[in-house]
Each structure stands twice: as structure tokens, then as C-alpha cells.
Amino acid sequence: MEHHSLTLLVDIALSIIFATMFAIIAKAFKQPLVLGYVVAGLVIGPLFGPYVGGKLTIGYVKSEESIELISEIGLILLLFIIGLEIDLKELARMGKSMFALGVLQFFLGVAAAWFVFRSFFPPAPGNFDLLYFAIALSLSSTMIVVKLLHDKFEISTVAGRLTIGVLVLQDIWAILFMGIQPDLQDPQILNVLTSLVKGIALVAFSFLISRFILSKLFLFAASKPELVLITSIAWCFFLCGVAEKLELSKEMGALIAGVSIAAFPYGADVISKLSGIRDFFITLFFVALGMKIQAPSASDLGLAFLAVGFVLVSRVLIIAPTVFFSGKGLRAGIVAGLNLAQISEFSLVILALGVQKEHIGKDLQAIVLTSMIIASIISTYVILFNDKIARGIISFLSIFGVKENKEPLESQVTGETKRDIVVLGYFRIAQGLIDGIEEDKPSWLKRILVVDFNPIYRQTLESKGIRWAYGDLANPESLHHLGIEEARYIVCTVSDMILKGTTNRRLLESLKSICRHHQPKIILTTDDPKEAEVLRNNGAAHVIVPGKISGLSLFTELSGMVDVNGSVSIAKSAKAKPKKTTSNKKKVQKAK
């Protein structure tokens with residue numbers, strides 16, 4: 001036992017060390033970190049064997065099962081966090097079209113895979129290779145998608161919401177299949193209904209406990225943030241245990257645990273505290289994935305690449321038209337399809353159970369695993385450039401007369417309050433602006449969208465009713481999907497001295513292009529009075545020159561403290577606010 005514990009510790013240490021090393025190399029070459037983790041697993045895994053060139057491989061990991069066990073904890077924590085971020089009211093607002101999308105994507109995907117790959121898996125009594133393969137190719141990777149969309153801050157976009165909605169429904173289909181899997185050779189409607197009843201009972205149980213017990217428990221623990229965190233994790237693993245006792249998926253239990261407490265005000269705090277722990281386990285998950293890679297035959301490798309191509313094309317062909325005809329836009333549908341172009345971790349669980357029950361052979365499991373790894377690597381790039389790829393596809397389709405004349409506004413798609421005041425950058429000036437609005441015009445708060453790259457202020461702003469969104473001002477493409485085209489007023493509160501990779505002049509041209517159908521009033525900031533004149537001539541409604549405004553404001557204060565004889569009237573200034581003269585007001589307006 002002691003030897004096993006030591007081996008596990010060494011294996012985890014090697015996994016983290018090599019993952020870090022290859023992640024740094026990946027970053028140096030501007031590649032996704034996930035690729036570095038997979039390569040690390042490949043290097044220290046059994047593919048190269050314990051010996052290479054007659055010498056022992058330095059990083060050979062013996063306890064691969066232990067690493068998989070720990071990575072499974074990462075998957076559970078990830079699904080718990082996904083549950084915390086699922087807004088049931090928002091999903092309901094997306095309505096029947098969201099449910100229709102989830103149904104069509106899965107069942108059309110299974111049917112298409114069955115038709116395309118039927119020649120590779122000839123039917124035989126008791127052989128379910130084709131069914132398992134079709135289902136595996138119809139499920140997307142929750143772990144990869146959510147991680148990459150989190151990194152890009154695209155979870156809250158229209159395409160992001162569609163992606164998460166489909167993933168949730170995919171998990172439901174996977175769980176339902178796992179419910180009938182034991183009786184696949186002799187399926188009985190009673191067993192299927194039993195699994196369905198168990199799932200509904202688990203949801204009802206979790207929400208009842210959450211409402212009448214957990215709400216009071218969280219209220220009691222609120223003063224101790226670490227107690228809130230540990231209580232949340234305990235609830236997650238407790239519900240995982242209950243799900244397993246009911247012969248349901250542990251992952252389903254984690255997802256339901258998150259959803260059941262998502263309405264509490266502590267959800268965002270739990271997510272922020274769990275993120276570091278989750279990333280640690282996710283790293284091990286991808287390292288374990290790399291360790292599973294085996295040397296495939298030429299035919300298996302060819303089939304794996306064909307499967308990856310099928311997944312990429314079928315996702316877009318099924319999802320994009322469904323989203324387009326539901327009125328949510330062609331670009332959003334294509335981006336959602338691209339986001340979902342991988343093979344799920346659930347597929348590995350389903351295939352492992354299929355091998356145990358002798359429904360399929362290990363060869364099929366190896367092919368799907370190879371496909372999953374290839375798709376995972378390709379998908380990191382696809383999601384990274386999803387907007388550019390989508391717009392390229394739209395340009396190509398326009399040749400055949402298929403086009404989106406005008407992309408629907410985000411408020412039209414989601415039913416959210418229209419955000420017609422957009423603040424770009426949240427620094428000192430923006431913070432003062434929000435403080436002033438909160439004090440004098442609180443009704444404006446629900447009209448404001450703040451675009452910034454630093455998520456540290458997100459929770460504070462959203463608690464006031466302001467919407468926060470990630471955006472790189474240097475990259476105009478990233479601003480397209482944030483709803484800026486709906487704005488009546490766009491305020492950039494950051495001067496060229498602070499802006500990185502762009503200027504207010506370039507930003508002005510980008511904003512005019514993005515909002516070409518509905519030109520808003522654009523207010524910019526510069527430190528140079530001459531540049532302010534250029535910006536106004538180029539179409540800016542107003543230009544703020546902070547230095548001039550500060551100097552004139554200081555002059556106003558000083559003139560109210562100094563009497564006509566030149567002596568300072570401290571008592572007078574202390575008793576009342578100095579009044580601005582008409583000439584001073586004109587000077588301030590001129591500076592603006």
C-alpha cells in the first residue's frame with residue numbers, strides 16, 4: 001500500500017512537471033496549452049515503452065490508472081462548475097428552438113454517422129460496433145469546449161449559450177443511453193423508464209434539499225468564504241455518490257449539484273475559488289489522455305481522421321441551418337457548430353462499459369480514443385479562430401446566394417435588456433463615470449455594457465445590473481459578437497497612452513465599421529488636444545482631454561478659494577462649494 005502511494009505521488013509529480021515543460025514550449029510557439037499537456041502524456045506514457053534505444057525512458061509513468069482516477073475528479077469538478085453557470089431561466093428563454101437544436105444535433109448526428117460508416121462495421125449478431133461508434137461521434141467534449149470558451153470569455157455570447165445548451169442536452173442523451181446500456185441485447189421499456197424515473201427523482205431530491213436545507217446552511221456559512229467553498233464541494237460529491245447508488249452517472253450528479261445551487265448568490269464566488277483546483281485536475285486529464293495513445297495501424301489512423309472530418313462537417317451542417325431558421329443568425333449557428341467539433345469524454349465512459357459487457361471490442365475503443373485526441377488538438381485551433389472561420393464560410397456561401405443580410409441583434413436573440421450605452425475599458429475615468437451614474441442616474445445601469453479584458457471587476461459590475469463582457473480593443477473582430485452594434489452611445493475611456501495594440505483613431509474607424517447600419521454617438525479620450533481635433537473631424541461626437549478638464553476643474557476650485565485681494569478664503573471654501581462661473585463652464589465644455 002505504501003509502495004502504491006509512493007508510485008502515485010511520483011507519477012503525479014512527473015505528469016505535472018512534464019505538462020508544465022511542454023506547456024511552456026507550446027506557449028513559446030504560440031500553440032494551445034492543451035496540446036502541450038497531450039504531448040507530455042505521450043512522452044511519459046507507454047507508447048514509447050520503458051525503453052527507447054536500449055535506455056530507460058526518464059518519465060515513464062507506471063500507474064496510468066491512478067492518473068485517470070485523479071483526472072476524473074477534474075471532470076466532476078468541471079461539470080459542477082458548468083452546473084453553477086447554467087441559468088435555467090435563460091435556457092428557458094431560448095425556448096423550444098434550443099430544445100429542438102439539442103434533439104436534432106444528436107439524433108441526426110447518430111443517423112448520419114450510421115449511414116457514413118456502415119461499410120466499416122458490417123452488422124453481426126451481438127455486435128454493436130456501429131451503434132457505439134455513431135453515438136460516440138455525436139457527443140462533444142464538455143471539458144475542452146468549456147475550458148476554451150472560458151479562456152476566450154465567450155460563454156455568455158449567443159454562440160456560447162447555444163454551445164452550452166447543446167452540451168447539456170448531449171449529456172442527457174448520453175445518460176439516457178447509459179441507462180439502457182445494460183439491457184442493450186434485450187432492451188425492455190421498463191428498464192428505460194426506471195432509469196428515467198431515477199434521473200427525475202435525483203433532480204427533484206437535489207432541488208428540494210437545495211431550497212429548504214442548503215439555502216439556510218449557506219446563509220449560516222456566508223461569513224466564512226472557505227466554509228462556503230468546502231460546503232459546495234461536499235454537496236457536489238454527496239450528489240455524485242447518490243447518483244452512483246441509483247446506478248446513474250457520477251458526472252450527472254455533479255452537473256445537477258451545480259444547477260441546484262446556481263441561483264444562490266455564492267455561485268460566482270465558488271466558481272472563482274474552484275477554478276485553480278479544476279485546472280490542476282484538467283491538466284492531469286489531458287496528460288492521461290496523451291498516455292493512452294497507442295501506435296495505431298494505417299487503416300485505424302485513416303478511419304480516425306475520417307471520423308474527425310465527419311465530426312467537424314456534420315456539426316456545422318446540422319447546427320448552422322437549425323440556428324439560422326430559428327432566427328438566431330447564421331454566424332452564431334456556424335460558430336456553435338465549430339465549437340462542438342470534438343468527441344466527448346462521455347464517449348470513453350460509454351465505450352469502456354461496452355467493452356465490459358462485450359458489446360464491442362477494444363479495437364473500436366482505440367480508434368475512438370485516437371479520433372478523440374486528434375479532434376481535441378484540431379478543435380483548440382478551430383475554437384481559437386471560430387469567428388474568422390465562420391465569417392469565411394459565410395463569404396463562401398454568399399457566392400451561392402446563401403447569406404445573412406443582417407446579423408440579428410443579441411437582445412433579439414436572448415431577450416435581454418438592450419444595452420445601448422457601451423463603455424470600452426474600465427479604468428479610472430470609467431470607474432468615476434459608473435460611480436456618477438449610480439448616484440444620479442441608477443436607471444441607466446441596466447443599459448450599460450462594459451467591455452474590458454480584466455475579469456476582476458466583473459462580479460462588482462454585474463451586481464449593479466451592468467453587463468460585463470471580455471473584449472480585446474486591439475482586435476475589432478472580438479467586438480462583433482458583444483452587441484456593440486445595438487449601442488446608441490459608445491464611450492472609450494482609455495487614452496492612447498494606456499491602449500495596447502491600437503489607438504483611438506483606429507478604434508474609431510473600427511467602431512464606425514461595426515455599427516455601419518446604426519451609427520451611434522462615439523465619445524473618445526486622448527491626452528493630445530490636437531489629436532482631439534482630428535478625432536472630432538473624423539466623426540467622434542465628443543473627445544475628452546483629461547489633462548485640460550483636470551486643470552480647468554482645479555482652476556475653478558482655486559478661484560472659489562481666492563478672494564479679490566488675492567488672499568485665500570479657506571473658511572469660505574470649507575463652508576460651501578465654489579460656484580462655477582459662466583466663463584469657466586465654457587472653458588470646460590471647450591476642453592471636452
Side-chain angles (χ1 to χ4, degrees), residues 19 22-23 25-27 29-43 45 47 105 109 112-113 116-117 133-134 136-152 154 159-160 162-163 166-167 170 282-283 285-296 298-320 333-348 351 365-393 396:
F22 281 98
I25 294 171
K27 188 178 187 306
F29 286 94
K30 298 182 178 180
Q31 304 303 307
L33 298 185
V34 171
L35 180 59
Y37 302 151
V38 173
V39 172
L42 181 67
V43 169
L47 177 61
Q105 183 277 316
V116 171
F117 293 99
F133 194 66
L137 298 190
S138 301
L139 300 173
S140 304
S141 172
T142 300
M143 179 172 282
I144 293 171
V145 173
V146 174
K147 177 172 173 55
L148 293 175
L149 291 185
H150 260 298
D151 291 345
K152 288 189 72 183
E154 288 187 7
L162 290 168
T163 303
V166 171
L167 285 170
Q170 281 184 357
I282 286 175
T283 300
F285 173 84
F286 284 109
V287 172
L289 203 60
M291 287 193 294
K292 290 179 182 178
I293 297 176
Q294 300 174 2
S299 59
D300 288 351
L301 192 60
L303 182 56
F305 273 105
L306 183 61
V308 172
F310 168 82
V311 167
L312 182 59
V313 173
S314 66
R315 292 289 195 276
V316 175
L317 288 180
I318 293 171
I319 292 173
I334 295 173
V335 170
L338 294 170
N339 288 345
L340 292 163
Q342 330 75 29
I343 298 172
S344 174
E345 305 81 26
F346 263 134
S347 298
L348 299 181
L351 288 166
Q365 192 178 25
I367 292 169
V368 172
L369 175 60
T370 305
S371 305
M372 179 182 179
I373 292 166
I374 295 170
S376 300
I377 294 170
I378 293 174
S379 181
T380 55
Y381 297 100
V382 171
I383 293 178
L384 190 63
F385 300 106
N386 55 12
D387 186 71
K388 289 184 178 179
I389 296 171
R391 294 189 185 280
I393 293 172
F396 175 74

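A quick note: this is a predicted structure, and the numbers were derived from the prediction, not measured.
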Exercise for the section: May I have the step-by-step check of side chain to side chain contact (heavy atoms under 4.5 Å, CB included) for Leu42 and Val38, ending in yes or no? Expected result: CA-CA 6 Å; Leu42 181 67; Val38 173; 5.6 Å; no
Do you know which two heavy atoms are closest between [X] and [Y], and how far apart they sit?
X: Ser138; Y: Arg315; answer: C-NH2, 3.7 Å
X: Thr163; Y: Ala336; answer: OG1-CA, 3.6 Å
X: Val368; Y: Ala136; answer: CG1-CB, 4.1 Å
X: Gly36; Y: Phe22; answer: O-CB, 3.2 Å
X: Ser344; Y: Ser140; answer: CB-O, 3.0 Å
X: Ala304; Y: Ile374; answer: CB-CD1, 4.2 Å

Check: [Y] and [X] side chains under 4.5 Å, non-hydrogen atoms:
X: Leu338; Y: Leu312; result: yes
X: Ile319; Y: Leu340; result: yes
X: Val335; Y: Asn339; result: yes

Exercise for the section: Measure the CD1-CG distance between Ile334 and Asn386 for me, rounded to the nearest 0.5 Å. Expected result: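 If I round to the nearest 0.5 Å, the distance is 11.0 Å.
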Handout entry: Value rounded to 0.5 Å, distance of OH in Tyr37 from OG in Ser376
Key =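 Answer for the OH-OG pair, Tyr37 versus Ser376, is 14.0 Å.
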Exercise for the section: May I have the step-by-step check of side chain to side chain contact (heavy atoms under 4.5 Å, CB included) for Val308 and Ile378, ending in yes or no? Expected result: CA-CA 9 Å; Val308 172; Ile378 293 174; 3.9 Å; yes
Practice task
Could you tell me whether the side chains of Gln342 and Ser141 share a donor-acceptor contact shorter than 3.5 Å?
Solution key: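 There is no such pair between these side chains.
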Exercise for the section: Given side chain to side chain contact (heavy atoms under 4.5 Å, CB included), test Leu148 with Thr380 step by step and report yes or no. Expected result: CA-CA 7 Å; Leu148 293 175; Thr380 55; 3.9 Å; yes
Practice task
For atom CZ of Phe305, decide whether the heavy atoms of other residues, nucleotides or ligands shown that lie under 6.0 angstrom number more than 12.
Solution key: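 Check fails, neighbour count at 12 or below.
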